[in-house]
Amino acid sequence: MSEIPKAYEPRSVESKWYQFWLEHKCFIADPARVSEKRPAYSIVIPPPNVTGVLTLGHVLNNTVQDILARKARMDGKEVLWLPGTDHAGIATQTVVERTLKKAGEIKHRNDLGREKLLEKIWEWKEKHDGIIIQQLKRLGASCDWTRERFTMDPEYSRCVQKVFVDLYKKGLIYRGKRMVNWCPASLTALSDEEVVMKQQNGLLYYFRVEVAEDAGTFLTIATTRPETIPGDTAVAVNPRDPRYAQFIGKHVIRPLPAELPREQKLIPIIGDEHVDFEFGTGVLKVTPAHDKADFEIYQRLCEKIFKKNENDLLPDIRGPIEVIKADGTMSEAAGADLSGLDRFKARKVAGEKLAELGLLEREERYTNNVGFSERADVPVEPRLSEQWFLQYPSKSESRAVAAEGQMKFFPERWAKVYDHWMANLQDWCISRQLWWGHRIPVWTKIYRNELEMPEAIREAILHDAECSVSGLAGRSSYVRSERTVAETWTVWAATYFDEEAAALGRLGFTQDPDVLDTWFSAWLWPFATMGWTGNPETDSKNPELTAFYPTTDLVTGPDIIFFWVARMIMAGYEYTGQMPFRNVYFTGIIRDKQGRKMSKSLGNSPDPLDLIDTYGADALRFGVMRSAPLGQDVLFDEQHVELGRNFCNKLWNACRFRQMQGGETEGEIDPALLTSDDKWILLKLDLAIREISNSLLEYKFNEAAQALYRFFWSEFCDWYLEASKAVFFGNDLARKANTSSVLDFVLSNTLRLFHPFLPFITEELWRGLGYNEDLPTDQGGETIMFARWPQPFGDDFKGHYGLDESIVRFVDAKYELVSQGRNLRREGNISSSKKVTFVLKPAQELSADEAQVLKILLHAERLDIDSEFRPRKGTPAVRSPLGELYLPLEGLIDIAAEKGRLNKELSKIDAEIEKVKQKLGNPAFAQKVPPAVLEEHQHRLSEWEAKRKRVHDSLGALGES
RNA sequence: GCGCGCUUAGCUCAGUGGUAGAGCAUUACCUUCACACGGUAGGGGUCGCAGGUUCGAAACCUGCAGCGCGCACCA
């Protein structure tokens with residue numbers, strides 16, 4: 001610190017030290033250095049969207065990780081914080097498509113075609129690549145950037161393919177026509193986790209249908225979706241419902257499409273236990289193509305129904321009828337009135353049509369939950385389609401590890417949420433109708449008969465097994481087949497070998513057009529980023545994996561506990577046989593100060609980079625951490641960051657004060673010269689070290705930040721620094737040097753305690769004050785990053801410097817006297833700048849040095865120590881265990897007001913005394929309470945009584961005047 | 001419907017059996033030689049409600065209310 005600006009200026013300091021750390025390879029992990037004495041510590045970053053920008057959520061998340069990583073380095077561990085980015089399938093492709101459409105380059109992605117669009121997305125990726133990484137660097141993130149990974153790196157993609165093929169081989173991945181959540185905006189299937197339920201205000205339409213066999217008899221059906229009536233293939237009632245049981249087996253006339261002839265409108269009335277008597281009218285329309293529950297009914301009963309229909313009545317209804325197309329518009333099957341309309345428009349029109357036909361009984365306002373696409377924010381459409389599904393692997397180990405506590409969740413309650421989800425696992429729809437992502441490594445071809453097949457494939461089909469299509473050793477595909485009507489064979493071949501893919505191509509096989517859900521690559525993150533190959537022999541020799549896997553901590557948001565955390569655990573067990581991380585820390589969710597989620601559309605999401613520019617990265621980090629309790633959402637307020645800045649400035653100036661005193665850096669501390677204030681601050685430091693270390697151990701970062709704040713500001717600056725001025729303003733060189741040494745000792749410890757939270761300013765001050773100078777390079781000599789984490793004082797240390805609790809009592813009493821003395825000024829309306837003389841009538845011997853401290857702290861021009869002092873009547877005074885302190889100024893005190901104040905205080909004290917007395921007076925209390933508590937209460941009583949006497953005396957002194 | 005969490009000063013939140021706390025905001029005074037991004041001293045709370053356990057409850061138990069979040073195929 002050659003120049004000492006009055007205020008801390010973060011900008012140049014931050015870039016300077018970040019550069020320094022990079023140049024000195026401080027963030028690079030070396031598995032070769034890991035040993036018993038130097039254990040490994042590792043975290044993998046939750047990979048942000050490669051084209052994304054930093055949000056406050058990232059700030060919270062990555063600050064926590066950085067604190068953990070930096071603390072671990074100071075604990076002497078070999079630290080790997082592995083960074084990277086995610087290709088974020090839907091989000092990225094949507095953004096690029098939208099941009100191209102806006103620019104008028106395309107109307108639809110088909111205008112470009114798959115290859116061209118992918119080129120555009122890669123261009124986009126290259127252009128935005130690294131933005132968020134640069135932003136993380138601004139924040140101070142100490143990631144090992146040499147190991148940065150991207151989910152679509154070639155090696156990573158290979159891992160994804162290998163895992164797919166392996167799960168396919170194991171029969172856990174299958175393809176099937178199922179009811180899936182379809183997003184009509186993104187035109188892709190979604191997993192259950194990507195659907196969020198939202199309450200919607202809609203209408204419940206009650207309409208009548210005539211029973212075909214009993215002309216003139218009508219059933220009334222309640223529905224929220226009349227537009228799907230043309231897709232109804234049955235009407236269901238509960239067989240135990242006496243109102244309707246008699247109708248089972250008969251038919252109703254479906255009102256829409258209106259133009260169909262009567263015989264094509266007949267649909268059966270079926271019985272199904274699923275139907276709720278209570279709801280609506282107890283009659284349910286069954287639309288198997290557009291409702292999950294209806295599809296299940298259809299599956300349960302279709303055989304029965306349609307067998308019966310063979311020779312029976314007339315309907316030409318053989319299965320689900322698709323009336324809503326992929327893009328959310330009505331199909332031709334919906335009939336002339338609805339065809340081509342948007343599904344919501346069609347709802348209105350269908351209602352009107354029913355009314356027109358005289359079949360609409362009534363409409364009721366109705367609130368229900370509708371699934372929305374999380375990403376596109378439109379209602380999802382349950383839709384039948386061919387998709388790939390995964391039955392989760394390694395379920396039981398994955399569930400047990402959290403339930404039995406080998407893996408710890410912070411806060412713990414998330415373990416329950418996780419367990420509940422694991423207990424009710426549904427198969428995962430992993431295919432997406434997108435182009436940006438990992439294309440499903442399955443090739444397919446239809447053969448008319450077995451003879452057309454190459455021999456290798458025919459053999460494989462017979463044994464349902466592996467074969468080499470390319471004929472190359474060690475290159476294979478895994479083949480499955482399905483024999484359909486007319487002796488036709490559909491053959492699927494899954495492989496991760498390029499040679500095989502090429503060979504399949506030559507045979508006329510085509511690759512599945514779909515890509516995998518982004519999370520299907522993200523769930524491999526903890527080991528795929530470390531060079532995992534899936535070959536046990538190779539992997540056991542991989543130094544990264546052996547040293548750093550399983551990782552130590554995972555830090556993420558609870559919103560992706562199922563998307564990511566749970567799936568990583570299962571993938572971890574399946575592919576490494578181990579849990580992927582030992583501890584999972586869930587941050588809160590950042591909201592604005594009104595409690596709303598941060599969102600672009602609300603515009604309530606401040607840009608962290610602006611905040612860093614305005615206040616500094618350390619300020620942002622500290623502000624966020626100080627207000628982010630474990631397990632609670634964080635209501636963000638820019639004032640928190642301002643507080644962080646102010647705090648950094650305070651730290652800066654305290655160090656500036658030290659520097660202005662000059663002298664030797666970190667000189668020897670002479671126990672004989674220690675003042676009571678020195679001992680007090682050393683004891684407070686010891687407490688702070690304990691408190692902060694424990695808080696960090698329990699992942700209670702806001703507690704640690706608050707403890708740091710309190711110790712540094714309220715103890716060190718407010719009292720110790722001020723008291724030290726008594727020495728520095730004096731002439732005793734030896735005492736000055738000793739006080740400097742204590743200051744250095746406390747500051748060097750404080751800077752280290754602060755470093756995980758405030759990496760930049762602590763480095764600047766560490767080097768600026770020269771605390772690095774006598775240390776070995778790898779223990780703080782080069783950078784504070786590797787300085788030893790402060791340890792609580794041992795008994796030897798405390799004995800040597802005479803640090804015991806009696807000091808604390810004395811010093812606390814001293815500071816209490818000072819506060820009261822300062823209050824006298826206020827009560828007397830004496831301006832802070834006015835020079836005054838205090839007189840102390842001491843209750844015990846007080847050294848000249850202590851008197852000097854009192855004088856300085858009181859901002860007194862003079863402090864007379866006079867045990868014979870006889871104040872004039874009416875002299876304002878306070879009485880403390882150290883003695884009576886007078887402010888002998890005549891006429892400046894409003895006696896009546898002072899009396900009022902003292903009386904108020906007296907009644908407060910009386911109330912306290914009453915409370916304690918009541919407790920002590922209770923015979924049960926004395927009997928049952930532990931002795932320490934009893935003693936404490938007695939002590940408290942005598943203190944209050946002593947206080948009462950002092951106030952009473954003061955009042956008396958006033959009253960006699 | 002089930003589960004979880006929250007309710008403490010004007011605001012945001014700590015505080016899990018023993019004297020109600022912090023930051024911000026607020027009032028008054030102060031540009032005093034580390035810091036006005038500062039200092040000093042104040043004011044402000046029947047700890048959501050009602051019971052219970054206990055010598056003692058903001059904390060533990062029960063019930064209720066309000067808010068929030070998960071999970072769930074009521075059309």
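Heavy atoms only: backbone and side chains are in, while hydrogens, waters and symmetry mates are out. Model, not experiment: these values are computed from the prediction. We name chains A, B, ... by the order of the sequence lines, and we start the count at 1 in each one.
Between B:G39 and B:U31, the distance separating the two P atoms is 16 Å to the nearest Å. Taking the P atoms as reference points, B:U19 lies 12 Å from B:A57, given to the whole Å. Here the separation of B:G68 from B:A9, taken at their C1' atoms, is 23 Å to the nearest Å. Rounded to a whole angstrom, the distance from the C1' atom of B:G21 to that of B:C29 is 26 Å. Nucleotides B:A59 and B:G18, compared at atom C1', are 12 Å apart to the nearest Å. When the P atom is compared between B:G52 and B:G15, the two are found 28 Å apart, to the nearest whole Å. Taking atom P on both B:A58 and B:G70, the two are 33 Å apart, rounded to the nearest angstrom. Atom name P, nucleotides B:C61 and B:U27: the rounded distance is 42 Å, in whole Å.
Not less than 6.0 angstrom separates the ring centroid of A:F409 from the ring centroid of A:W414. In summary, the aromatic rings of A:F754 and A:F647 are positioned with their centroids under 6.0 Å apart.
The nearest whole Å value for the distance from the CZ atom in A:F622 to the C1' atom in B:A22 is 12 Å. Going from atom CD of A:Q918 over to atom C1' of B:G56 covers 11 Å, rounded to whole Å. Remark: P of B:G18 and CG of A:L920 are 17 Å apart, rounded to the nearest angstrom. Taking atom CZ of residue A:F409 and atom C1' of nucleotide B:G5, one finds them 17 Å apart after rounding to whole Å. Taking atom NE2 of residue A:H937 and atom C1' of nucleotide B:G17, one finds them 11 Å apart after rounding to whole Å. Spacing between atom CG of A:N922 and atom P of B:G18 amounts to 18 Å, rounded to whole angstrom units. Atom CG in A:D637 sits roughly 10 Å away from atom P in B:A25 (whole-Å rounding).
At the heavy-atom level, A:R658 lies nowhere under 4.0 Å from the strands shown. Using a 4.0 Å heavy-atom distance criterion, A:P930 is classed as a base contact.
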Output one line per pair: protein atom, nucleotide atom from nucleotides 13-16 of chain B, and distance, for all N/O pairs under 3.5 Å.
none

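Identified under the salt bridge (charged side-chain N to carboxylate O under 4.0 Å, His left out) test for residues 614-628 of chain A, with sequence neighbours left out: A:D66-A:R621. Sequence neighbours left out, the pairs with a member in residues 902-933 of chain A that pass ring-ring contact (aromatic ring centres under 6.0 Å, His included) are A:F925-A:H937. Within the structure, salt bridge (charged side-chain N to carboxylate O under 4.0 Å, His left out) pairs that include any residue of residues 410-420 of chain A comprise A:R399-A:D419 (at least two apart or interchain). Judged as a side-chain hydrogen bond (donor to acceptor under 3.5 Å, both in side chains), the pairs with a partner in residues 908-917 of chain A (not counting sequence neighbours) are, in order, A:D910-A:R948.
Nucleotide B:U62 forms a Watson-Crick or G-U wobble pair with B:A50, both donor-acceptor distances falling under 3.5 Å. Here B:C2 sits opposite B:G70 as a Watson-Crick or G-U wobble pair (both hydrogen-bonding atom distances under 3.5 Å). Nucleotide B:C33 has no partner under the Watson-Crick or G-U criteria, as no pair reaches both atom distances under 3.5 Å. B:U26 is paired with B:G42 under the criterion used here, namely a Watson-Crick or G-U wobble arrangement in which both key atom distances are under 3.5 Å. The partner of B:A75 is absent, by the rule that a Watson-Crick or G-U pair needs both atom distances under 3.5 Å. With a cut-off of 3.5 Å on both pairing distances, the Watson-Crick or G-U wobble partner of B:C13 is B:G21.
Take A:P379 and apply the side chain to side chain contact (heavy atoms under 4.5 Å, CB included) test, not counting sequence neighbours, and it matches A:R343, A:F344, A:V370, A:F372. Annotation: salt bridge (charged side-chain N to carboxylate O under 4.0 Å, His left out) contacts of A:E905 (sequence neighbours excluded): A:R901. With sequence neighbours excluded, no residue forms a salt bridge (charged side-chain N to carboxylate O under 4.0 Å, His left out) with A:E861. Not counting sequence neighbours, the partners of A:E936 by the salt bridge (charged side-chain N to carboxylate O under 4.0 Å, His left out) test are A:R940. The side chain to side chain donor-acceptor pair (under 3.5 Å) test applied to A:E715 returns A:R710, not counting sequence neighbours.
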For nucleotides 69-75 of chain B, 5' to 3', base contacts (B), sugar-phosphate-only contacts (S) and non-contacts (-) with protein non-hydrogen atoms under 4.0 Å give --SBBBB
Readout for nucleotides 35-43 of chain B: B = base within 4.0 Å of protein heavy atom, S = sugar-phosphate only, - = neither; 5' to 3' it is BSBSBSSS-
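For the pair A:K725 and A:F657, the cation sits on the ring face: its NZ or CZ lies under 6.0 Å from the ring centre, inside 45° of the axis.
When the nearest nucleotides of RNA chain B are assigned to A:V916 and A:H640 by heavy-atom distance, the more 5′-ward of the two goes with A:H640.
The side chain of A:K919 contributes no N or O atom lying less than 4.0 Å from OP1 or OP2 of B:G56.
Look at A:E381 and A:R383 and you find no salt bridge, because none of the NZ, NE, NH1 or NH2 atoms lies under 4.0 Å from a carboxylate O. Look at A:D232 and A:K285 and you find a salt bridge, because one of the NZ, NE, NH1 or NH2 atoms lies within 4.0 Å of a carboxylate O, short of that distance.
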